[in-house]
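Worksheet: one structure, shown below.
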Amino acid sequence: MTVLDILIAPHPTLKAKAKPVETIDDGLRQLLDDMLETMYDAPGIGLAANQIGELQRVLVMDCGSRTEDEAPRPMKIINPQITGISEEMSSYEEGCLSIPEQYADVERPAAVQVRYQDETGAQQEQIFTGLEATCIQHEIDHLDGILFIDHLSNLKRNMLMKKLRKLLKEREEDAAADG
Ligand code: NI
């Protein structure tokens, strides 16, 4: 498995809409394995194909392995479609591997029903709740070119992007200083 480079905002591929997957083959399964490896390495709990520069409607997530006592729960999700949402909303402090070290509360439906294909091509339908509901909505947003900061006010979004630019500049300067 390979750890892939994660695109950082602003990047045009992060604003683009991913295309439905037509053929689920070994190449796609390899991509999904590499995406999981990249996500665990980051580390993060979700990763969408746009973030590694592939405009295909696939995402991986694992909300089960944040602590050492919890068993890993890797999920590989192809062509996801939200088929139902709860009226109840919930708010989580979200972050994103493409917007490093920036966090903000985002309100979303507390539960979602999602139809998708697994890596064998079989149709699945599942209800996601709690952190998994937030995570899968965040990742499906990525496939539509939407970032979590797009759910915030212009003021808040501009503030986070300004902080991100400052962070990236500092990292660049540190890298240069290190030779
Ligand atoms: Ni993200």
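First listed ligand is number 1; within each ligand, the first listed atom is number 1.
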Kindly state each residue pair satisfying salt bridge (Lys or Arg N to Asp or Glu O under 4.0 Å) with at least one member in residues 141-161, sequence neighbours excluded.
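Of all non-adjacent pairs touching residues 141-161, those that pass salt bridge (Lys or Arg N to Asp or Glu O under 4.0 Å) are Lys15-Asp150, Lys17-Asp144, Arg57-Asp144, Arg108-Asp141.
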Residue of the set Gln51, His142, His11 for which side chain to side chain donor-acceptor pair (under 3.5 Å) holds with Ser98:
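The passing option is Gln51.
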Looking at residues at least two apart in the chain, or sitting in another chain, which of them share a side chain to side chain donor-acceptor pair (under 3.5 Å) with Asp25?
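Listed in chain order: nothing, the list is empty.
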Working to the nearest 0.5 Å, report the span between CE of Met61 and CD of Glu132.
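Nearest 0.5 Å value for the CE-CD distance: 4.5 Å.
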Provide the tally of protein N/O/S atoms nearer than 2.8 Å to the Ni ion (ligand 1).
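Excluding waters, the total comes to 3.
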Evaluate Asp174 against Arg171 for salt bridge (Lys or Arg N to Asp or Glu O under 4.0 Å), listing each step before the verdict.
CA-CA 5 Å; Asp174 286 350; Arg171 282 187 181 176; over 6 Å; no
Starting from Leu168 and following side-chain heavy-atom contacts under 4.5 Å between hydrophobic residues (I, L, V, M, F, W, Y), which residues can be reached?
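Other cluster members: Leu7, Ile8, Leu14, Ile99, Val106, Leu147, Phe148, Ile149, Leu152, Leu160, Met161, Leu164, Leu167.
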